[in-house]
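Here's the structure we're looking at; comments come further down.
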Amino acid sequence: MITIKSDHEIELMRKAGEIVGNTHKYLKQYIRPGITTKELNDLAEEFILKSGATPSFKNLYGFPGAICISINEEVVHGIPSSRKLKNGDIVKLDIGACYQGYHGDSAWSYPVGKVSSEVSRLLEQTEEALYHGLNAVHAGAHLGDIGYAIEEYANKHHLGVVKELVGHGIGTQVHEEPDVPNYGEAGTGIVLKEGMTIAIEPMLNLGTATVYMLDDDWTIVTGDDKASAHFEHTILVTKDGYEILTKR
Ligand code: MG
Ligand code: MG
């Protein structure tokens with residue numbers, strides 16, 4: 001079922017989203033060569049708890065971390081560990097927070113030290129792909145318009161669109177209906193309505209779009225070990241467009 005949020009629910013989702021945005025801002029200052037992904041995870045958890053929320057992904061489907069941290073060819077669902085960030089890496093922080101029963105969800109990709117021009121382009125263009133998806137949103141638009149906008153932009157820039165993982169509705173559950181794919185046909189799918197809240201999250205690869213899961217049963221990596229980037233916002237569908245709930 002696709003839920004339409006009441007004004008009160010939207011207020012709670014704004015607060016949850018604000019905590020997610022603030023957690024990104026807070027963690028960004030710690031991203032540097034030498035820090036471990038577990039240290040980043042623990043800083044995030046402490047910050048979210050201090051903000052009066054709980055980390056949405058902790059124990060979600062059994063996930064062992066408070067946030068997902070994925071490096072380079074890891075697309076999503078990386079488990080925080082003793083692995084240290086290195087100069088030239090890209091690190092993807094996927095952060096969820098639950099405030100009074102409502103979730104916010106936002107992933108962002110960050111360069112560590114100095115990255116190659118190829119990787120830097122991947123980061124810029126994946127962020128841009130997110131904005132292309134967002135700009136397709138307004139009450140009366142079709143769900144397929146979002147995926148079409150993202151895929152068209154990615155194709156133009158010869159980036160691989162991950163199809164196995166998709167955006168989603170969000171509210172009292174992190175993952176609600178509908179699925180929000182990063183590909184599709186304009187004018188198809190459900191009609192977006194005012195008060196829907198969804199997470200839009202392009203995952204784009206420098207090389208092949210193919211991905212597979214590592215033996216840890218969590219981490220998704222690219223088929224050719226080339227880098228992947230991920231940018232995500234939770235948004236509210238409005239009459240004329242959208243409101244970003246996870247802005248920083
Ligand atoms: Mg996320
Ligand atoms: Mg998400």
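Just so you know, ligand 1 is whichever comes first in the structure, and atom 1 is the first atom listed for that ligand.
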Test side chain to side chain contact (heavy atoms under 4.5 Å, CB included) applied to Glu176 - qualifying residues, sequence neighbours left out: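 For Glu176 the side chain to side chain contact (heavy atoms under 4.5 Å, CB included) partners, ignoring immediate neighbours, are Thr3, Lys5, Thr172, Gln173.
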
Test ring pair (Phe, Tyr, Trp, His ring centres under 6.0 Å) applied to Tyr131 - qualifying residues, sequence neighbours left out: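 None.
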
All side-chain hydrogen bond (donor to acceptor under 3.5 Å, both in side chains) counterparts of Ser116, not counting sequence neighbours: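 Result, side-chain hydrogen bond (donor to acceptor under 3.5 Å, both in side chains) vs Ser116: none returned.
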
Distance, nearest 0.5 Å, that separates CD1 of Ile146 from NE2 of His132: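 Going from CD1 on Ile146 over to NE2 on His132, the span is 14.0 Å.
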
Atom pair NZ/OG1 of Lys92 and Thr37 - distance to nearest 0.5 Å: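 OG1 of Thr37 is found 12.5 Å from NZ of Lys92.
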
Under 3.5 Å side-chain donor-acceptor pair for Tyr110 and His24: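 Looking only at side-chain atoms, His24 and Tyr110 do form a donor-acceptor pair, the distance falling under 3.5 Å.
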
Under 2.8 Å: N/O/S of His175 next to the Mg ion (ligand 2):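 False for His175.
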
Within less than 2.8 Å of the Mg ion (ligand 1): protein N, O or S atom count: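 Of the protein's nitrogen, oxygen and sulfur atoms, 4 lie under 2.8 Å from the Mg ion (ligand 1).
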
